[in-house]
**Student:** 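Below is a structure I'd like to ask you about.
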Amino acid sequence: MGFSRLVINPQYAQNSRGKVELQALSALAVATLDLRRLAWDFSLYTTAEFGYIQLPERYCTGSSIMPNKSNPDVVELLRAVHAVVVGAQAELNDVLSLPSGYHRDLQATKPPVMRAFARGLQALALLPGLLKDFSWNEERLAASISPELFATDLATDLAVQGTPFREAYRKVADSLPDMAGSDPQKSLSERISPGGCGQLVLGILRARLEKLKTE
């Protein structure tokens, strides 16, 4: 049948029923957990209170009663997909509370797996387009930058210049209003540790992704 290898021990073959599916669900759950966090961020930061990002209209729907509403329904629905996956994991775990050997109720391991992967893969397929098409409200983001966001930068600079960090910490804490004119672009450009805004090292990440595609 073209399988890559043979399961040698028949007892192992019997007792692995459901376990392989559980491992696959665990991998899917890791992905949908990140999806849920991202969907939470999107649903939160599209609100009027934040207004940091804007979603294309095709990812939003109107209200049945309020003509002014534009709801980020797609990201709210994406947020719920992880619950489907972990629900399938719980269902599978309970079905597998059996003695060794084959049991007819092992057939109940299939529906939760199929349901979770149908919903999970469908949701993940929407993600590339969503990430490509949303836009930042740069003016609103800039207006949200407050002086205390530069406190760690200044404390670190003072420590580099020879001030004991404990003293630098207290000095900066007492002078937060003086940092109102700090330059956020300068702060970002100076973050040059690997992965920081000033040194993204995206080439390494791309190479890792390409390697995964070929494995």
**Student:** Looking at Asn137 and Gly51, would you say the former's side chain and the latter's main chain have a donor-acceptor pair under 3.5 Å?
**Tutor:**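 Yes, the answer is positive, given that a donor and an acceptor are paired below the 3.5 Å cut-off.
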
**Student:** State whether the number of non-hydrogen atoms from other residues, nucleotides or ligands found under 6.0 Å of Glu139 atom CD is greater than 12.
**Tutor:**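 No - once you tally the heavy atoms of other residues, nucleotides and ligands closer than 6.0 Å, there are 12 at most.
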
**Student:** Using the side-chain hydrogen bond (donor to acceptor under 3.5 Å, both in side chains) rule, collect all pairs that involve residues 157-182, keeping only residues at least two apart or in two chains.
**Tutor:**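 Sorted result for residues 157-182: empty, none.
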
**Student:** With a 4.5 Å heavy-atom cut-off, do Leu28 and Leu124 have their side chains touching?
**Tutor:**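 Side chain of Leu28 against side chain of Leu124, heavy atoms only: contact under 4.5 Å found.
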
**Student:** Who are the side chain to side chain contact (heavy atoms under 4.5 Å, CB included) partners of Gln23, not counting sequence neighbours?
**Tutor:**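 In terms of side chain to side chain contact (heavy atoms under 4.5 Å, CB included), with neighbours along the sequence ignored, Gln23 is linked to no residue.
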
**Student:** Report yes if some heavy atom in the side chain of Leu200 is under 4.5 Å from a heavy atom in the side chain of Leu205; otherwise report no.
**Tutor:**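 With C-beta onward as the side chain, the pair stays apart.
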
**Student:** Are the side chain of Asn9 and the backbone of Gln11 linked by a donor-acceptor contact shorter than 3.5 Å?
**Tutor:**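 Answer holds: yes.
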
**Student:** Answer yes or no: are there more than 12 heavy-atom neighbours, outside Arg37 itself, under 6.0 Å from its atom CZ?
**Tutor:**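 No, not enclosed.
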
**Student:** List in chain and number order the residues that pass ring-ring contact (aromatic ring centres under 6.0 Å, His included) with Phe42, two or more places apart in sequence or in another chain; answer none if no residue qualifies.
**Tutor:**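 Phe42: ring-ring contact (aromatic ring centres under 6.0 Å, His included) contacts with Phe134.
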
**Student:** Quick one: does any side-chain atom of Ser97 pair with a main-chain N or O of Asn93 as donor and acceptor, under 3.5 Å?
**Tutor:**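 Not a single qualifying donor-acceptor pair exists.
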
**Student:** Would you call the rings of Tyr45 and Tyr52 parallel, tilted or perpendicular, taking 30° and 60° as the class edges?
**Tutor:**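 Answer is tilted, since the angle falls between 30° and 60°.
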
**Student:** Just checking Ile192: does its CD1 atom have more than 12 heavy atoms from other residues, nucleotides or ligands closer to it than 6.0 angstrom?
**Tutor:**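 No, the 6.0 Å shell around CD1 holds no more than 12 heavy atoms from other groups.
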
**Student:** Do Val75 and Tyr59 have side-chain heavy atoms sitting under 4.5 Å apart?
**Tutor:**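 Heavy-atom side-chain distance check fails, nothing below 4.5 Å.
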
**Student:** I'd like to know if Lys186 and Asp153 make a salt bridge, using a cut-off of under 4.0 Å between side-chain N and carboxylate O.
**Tutor:**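 Salt bridge absent between Lys186 and Asp153.
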
**Student:** Just wondering, do Glu76 and Arg79 contact through their side chains at under 4.5 Å, heavy atoms?
**Tutor:**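 Yes - at least one pair of side-chain heavy atoms lies under 4.5 Å apart.
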
**Student:** Report yes or no: do Trp136 and Leu44 belong to one cluster of Ile/Leu/Val/Met/Phe/Trp/Tyr joined by side chain heavy-atom distances under 4.5 Å?
**Tutor:**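 Yes.
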
**Student:** Can you tell me if His103 uses its side chain to pair, donor with acceptor, with the backbone of Pro99 under 3.5 Å?
**Tutor:**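 At least one qualifying donor-acceptor pair exists.
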
**Student:** For Gln89, does the CD atom have more than 12 heavy-atom neighbours from other residues, nucleotides or ligands under 6.0 Å away?
**Tutor:**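 Buried by this count: over 12 neighbours within 6.0 Å.
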
**Student:** Does any non-hydrogen side-chain atom of Gln14 lie less than 4.5 Å from one of Ser100?
**Tutor:**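 Ser100 vs Gln14: side chains apart.
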
**Student:** Is there side-chain contact between His82 and Arg119, with heavy atoms separated by less than 4.5 Å?
**Tutor:**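 When only atoms from C-beta onward are counted, Arg119 and His82 do not touch, as no gap falls below 4.5 Å.
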
**Student:** Cluster partners of Leu176, using ILVMFWY side-chain heavy atoms under 4.5 angstrom, listed by chain and number?
**Tutor:**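 Besides Leu176, the cluster holds Ile145, Leu149, Phe150, Leu154, Leu158, Val172, Met179.
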
**Student:** When Ile, Leu, Val, Met, Phe, Trp and Tyr are grouped by side-chain heavy atoms lying under 4.5 Å apart, directly or through other members, which residues fall in the same group as Ile65?
**Tutor:**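 The other cluster members (ILVMFWY side chains, heavy atoms under 4.5 Å, direct or chained) are Met66.
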
**Student:** Do other residues, nucleotides or ligands put more than 12 heavy atoms under 6.0 Å from Gln199 CD?
**Tutor:**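 Buried by this count: over 12 neighbours within 6.0 Å.
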
**Student:** Backbone N or O of Tyr102 within a donor-acceptor pair of the Arg17 side chain at under 3.5 Å?
**Tutor:**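 Side chain of Arg17 to backbone of Tyr102, a donor-acceptor pair under 3.5 Å: no, none is there.
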
**Student:** Sequence neighbours left out, what passes side chain to side chain contact (heavy atoms under 4.5 Å, CB included) with Thr46? Give chain and number order.
**Tutor:**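 In terms of side chain to side chain contact (heavy atoms under 4.5 Å, CB included), with neighbours along the sequence ignored, Thr46 is linked to Ile53, Leu55, Pro72.
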
**Student:** Taking the side chain as every heavy atom from C-beta outward, state whether Leu106 and Leu96 have any atom pair closer than 4.5 Å.
**Tutor:**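 Yes, at least one pair of side-chain atoms sits under 4.5 Å.
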
